J.: 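My questions will all concern the structure given below.
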Amino acid sequence: MRRAVDELSTGSDSDYSNSWISWFLSSKGNEYFCEVEEDYILDRFNLTGLNTEVQNYTQALDLITDNLDDEIQDNEFRGSLDVQARLLYGLIHARWIITSRGLAKMLEKYKKADFGRCPRVLCQSQPLLPVGLSDIPYEKSVKLYCGRCEDIYSPKSSRHGSIDGAYFGTSFPHMLFLVYPAMIPPKSGPPDLTLSLSGSVRGDGGDGARRRRAREDPESVAEGVGDSVSTVSAALKAERYRPKIFGFQVHEIAKLQRWQEAVRDRQIGRLEELEERGVI
Amino acid sequence: MPRQQLQQQPPQQEPLKGEAHGGDANVVPDGDEAMEEEVDQEGYASSTPTSSLTWISWFCSLPGHEYFCEVTEDFIEDEFNLTGLNSMVPFWKEAMEMVLDVEPEDSLKIPDVSIVEASAELMYGLIHQRYILTRFGLNAMAEKYEAGQFGTCPRVYCLACHVVPCGRSDMPGLDTVKLYCPNCNDIFTPPSSKFQGVDGAFFGTTFAHLFFQTFPQFAPAPYYSPSGLSTSAVSRSPGNSTQPAFVNPNPHGGQKPAAGKVYTPKIYGFRVSERAKSGPRMRWLRLRPEIPGELDQVDWRGRWIGSDDDEYEEDDDEDGEHHMEDFDPVGHNR
Ligand SMILES: [Zn+2]
Ligand SMILES: [Zn+2]
């Protein structure tokens, strides 16, 4: 069946993992997706409401969990079922990646910069996170969020540019930085993922423990890794580009930039006061 | 120097559409047609019988060289334009012969051809940096700009605004070419690695901004109203009443409506509160005031005019998104 859909499996069948999910994840263009654990999919509670979003829901679910009857020969039906299976996997994925286990999996991909790096020069190749602009499928393609400039960008490749943003959802990157405040990128200097990277890349030792701890108490991950550092005036460290003509600033742009920095300073003042009063 | 070059050019200006502007940034009208003719003749005259492709055309057609425009040979042949460059380029004479497709005078003295090629590239790049600051160069780049040959801004809310190449330094060998977006006033790494071998100095630090001063119709204005109010109310130029177009009251400023939307992070549909540790800290970088007058509320030192520095409490909403309940993880987690 997979051969009918994609020519990927023409390689050796023996060392090829036969599950639909691992096939899906290894297909070109699907690099942003992470593996949804089977027990999450098998818990029907997690799929509440999806049966109305996906046609042939039961068979699509059987397909992604490798329980589909291989007798189905109608190629046209297999083709449309494959589309529905991708939709179903995408919608489950959007829910999964904002659970604590899903967040941990996406964090590993983030540390490897699987989602690319910020094209903004002054973000110094900060790794990005996928984000949707809508949680409803077929509305907006996936975008990439930069935690340093806090802005969103279009993926460079059209392969990624055509992925449905609803498969990642609007909340995901913000949930990740909420749960892992130690991963909030600094506003200046090169990106620093080494703190956690050293544990995660080599072996499962430290990181596995950390991740298990994360499941019980997400906040604990940040302990000792800068949780005490306030982000109230972080924006002051952000660099910005200043257009110049023969060394002189461009009047109108300089004026806009002064206004923007005054807005920044006003926010910082507001937050500092809250911090002083112990509100935050 | 490039300014002098600007003044050297014959002032064959057509009046700009709409209004007349002051200032020397307006040396460049849309004289595209006259220029094209000249360029064509020039190209024809210099083509050698053996090959119809000049070194310059060949160089500009190489992968990764899409941002370059073709410098006219008469610009290169005018020594005044090259002042100071010969000390920066080894094998100057040989490189010049290569760039202009001239038979080498003394072929015995020629060093390794690849060395001359590198010199020719450096020479062309440095001349290009100067050329694109002249009227002809700006016009040539404007044509490429309108055709979208420099690409678009990767930032989602810039709505595919066209970008221009720029350098972060005018000295060669320091950094590769970047792309400047006039909507977010920021610079980006080109999307393809083929541009990683192109020196930013070949475009220089000034070009991008002189370009948008020269062609304000391509430059977004510094204010933005989501309701579109600011786009209609402020037309002040006489004799312009038939133009439904957007008019920036600052005649020297950007004359295109800005793409001004700013991203708002949300969790489960609720804005992430600025009180959260992971709350928004960078909206200011992309924010524009709704009306141009707001820009004047900040003085030259960056302070709000006529307001105490302590007056922070009243608002939370520069962005106009009022009273939506924030997602406040601080309260949520405790
Ligand atoms: Zn960024
Ligand atoms: Zn932009």
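Just so we're clear, the structure is a prediction, and the values are computed from it rather than from any experiment. Any value given below was found using the heavy atoms of this structure, including those in side chains, with hydrogens, waters and symmetry copies removed. Every chain is numbered from 1 and lettered A, B, ... according to where its sequence line falls, protein lines coming before strand lines.
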J.: Give me the atom names and distance for the closest heavy-atom approach of A:Thr170 to B:Tyr263.
T.: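 Nearest heavy atoms, A:Thr170 then B:Tyr263: O-OH, 4.3 Å.
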J.: What is the minimum heavy-atom distance between A:Gln267 and B:Pro280, and which atoms define it?
T.: NE2-O, 3.0 Å
J.: To the nearest 0.5 Å, tell me how far B:Arg155 CZ sits from A:Cys146 SG.
T.: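 One finds 12.0 Å between CZ of B:Arg155 and SG of A:Cys146.
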J.: With no hydrogens and no angle check, is any side-chain donor or acceptor of A:Gln260 less than 3.5 Å from a backbone partner on B:Leu287?
T.: yes
J.: Is there a side-chain contact between A:Ile268 and B:Arg281, using heavy atoms and a 4.5 Å cut-off?
T.: no
J.: I'd like to know if the side chain of B:Lys277 reaches the main chain of A:Ile280, judged simply by a donor and an acceptor atom lying under 3.5 Å from each other, with no hydrogens or angles considered.
T.: no
J.: Among A:Glu275, A:Lys255, A:Arg242, single out the residue with the greatest number of heavy-atom pairs under 4.5 Å to chain B.
T.: A:Lys255
J.: Please determine whether the number of non-hydrogen atoms from other residues, nucleotides or ligands lying under 6.0 Å from atom NZ of A:Lys109 exceeds 12.
T.: yes
J.: How close do B:His209 and A:Tyr241 get, counting heavy atoms only, and between which atoms?
T.: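 Reported closest heavy-atom pair: NE2-OH, 2.9 Å.
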J.: For A:Arg148, is it the side chain, the backbone, both, or neither that has a heavy atom closer than 4.5 Å to a heavy atom of chain B?
T.: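 Only the backbone of A:Arg148 comes within 4.5 Å of chain B.
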J.: Got a list of side-chain donor-acceptor pairs under 3.5 Å for residues 247-254 of chain A, not counting sequence neighbours?
T.:
{"from": "A:Glu252", "atom 1": "OE1", "to": "B:Gly254", "atom 2": "N", "distance (Å)": "2.9"}
{"from": "A:Glu252", "atom 1": "OE2", "to": "B:Asn248", "atom 2": "ND2", "distance (Å)": "2.8"}
{"from": "A:Glu252", "atom 1": "OE2", "to": "B:Asn250", "atom 2": "ND2", "distance (Å)": "3.2"}

J.: Which atoms of A:Ile152 are under 4.5 Å from chain B, going by heavy atoms: the side chain, the backbone, both sets, or neither?
T.: both
J.: Identify the two heavy atoms, one from A:Val121 and one from B:Thr189, that lie closest to each other, and give their separation to 0.1 Å.
T.: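 Looks like CG2-N, 3.8 Å.
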J.: Any idea which heavy atoms bring A:Leu256 and B:Pro289 closest together, and the distance?
T.: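 For A:Leu256 and B:Pro289, the tightest heavy-atom pair comes out as CD1-CD, 3.9 Å.
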J.: Under 6.0 Å from the ring centre and within 45 degrees of the ring axis: does the NZ or CZ of A:Arg258 meet both conditions for the six-membered ring of B:Trp300?
T.: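 Because its charged atom misses either the 6.0 Å distance or the 45° angle limit, A:Arg258 does not stack over B:Trp300.
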J.: Between atom CZ of B:Phe211 and atom CD1 of A:Ile245, what is the distance when rounded to the nearest 0.5 Å?
T.: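 If we round to the nearest 0.5 Å, B:Phe211:CZ and A:Ile245:CD1 are 12.0 Å apart.
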J.: Using heavy-atom distances under 4.5 Å, tell me whether B:Glu294 contacts chain A through its side chain, its backbone, both, or neither.
T.: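 Backbone plus side chain of B:Glu294, per the 4.5 Å heavy-atom cut-off to chain A.
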J.: Ignoring hydrogens and geometry, is there a side-chain-to-backbone donor-acceptor pair from A:Glu261 to B:Leu285 under 3.5 Å?
T.: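 Side chain of A:Glu261 to backbone of B:Leu285, a donor-acceptor pair under 3.5 Å: no, none is there.
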J.: Less than 4.5 Å apart, any side-chain heavy atom of B:Val272 and any of A:Leu178?
T.: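 No, every pair of side-chain atoms sits at 4.5 Å or beyond.
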J.: Is chain B contacted by the side chain of A:Leu144, its backbone, both, or neither, given a heavy-atom distance below 4.5 Å?
T.: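 Interface part for A:Leu144: neither.
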J.: Hey, are the side chains of A:His174 and B:Phe270 touching, using non-hydrogen atoms and a 4.5 Å cut-off?
T.: no
J.: Checking B:Ser278 side chain against A:Pro181 main chain: does a donor-acceptor pair fall under 3.5 Å?
T.: no
J.: May I ask you to decide if A:Phe246's main-chain N or O and B:Thr206's side chain share a donor-acceptor pair within less than 3.5 Å?
T.: yes
J.: Contact part of B:Tyr180 toward chain A, heavy-atom cut-off under 4.5 Å: side chain, backbone, both or neither?
T.: side chain
J.: Going from CD1 on B:Ile267 to CG on A:Leu176, what distance comes out if it is rounded to the nearest 0.5 angstrom?
T.: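 Result: 10.0 Å between the selected atoms.
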J.: Given heavy-atom pairs under 4.5 angstrom as the criterion, report whether the side chain, backbone, both or neither of A:Arg264 touches chain B.
T.: both
J.: Do the charged groups of A:Asp265 and B:Arg303 touch, with an N to O distance under 4.0 Å?
T.: no
J.: Side chains of A:Pro119 and B:Pro154: does their closest heavy-atom pair fall under 4.5 Å?
T.: yes
J.: Has A:Trp259 got a side-chain atom pairing as donor or acceptor with B:Arg288's backbone, closer than 3.5 angstrom?
T.: no
J.: For residues B:Cys184 and A:Asp151, determine if any side-chain heavy atom of one lies less than 4.5 Å from a side-chain heavy atom of the other.
T.: no
J.: Can you tell me if A:Arg120 uses its side chain to pair, donor with acceptor, with the backbone of B:Ile187 under 3.5 Å?
T.: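 Absent.
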J.: Given that the side chain runs from C-beta out, which part of B:Asp170 has a heavy atom under 4.5 Å from chain A: side chain, backbone, both or neither?
T.: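 Contact with chain A is absent: no heavy atom of B:Asp170 under 4.5 Å.
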J.: Do NZ/NE/NH1/NH2 and the carboxylate oxygens of B:Arg286 and A:Glu150 come within less than 4.0 Å?
T.: no
J.: Before giving the answer on side chain to side chain contact (heavy atoms under 4.5 Å, CB included), spell out for A:Lys244 and B:Thr205 the whole-Å C-alpha distance, their side-chain angles and the decisive distance to 0.1 Å.
T.: CA-CA 7 Å; A:Lys244 286 182 184 160; B:Thr205 58; 6.0 Å; no
J.: Give a yes or no on this: more than 12 heavy atoms of other residues, nucleotides or ligands lie within 6.0 Å of atom NZ of A:Lys237.
T.: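 Not more than 12 within 6.0 Å, no.
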J.: Within residues 156-166 of chain B, which positions have a heavy-atom distance to chain A below 4.5 Å?
T.: B:Val156, B:Tyr157, B:Cys166
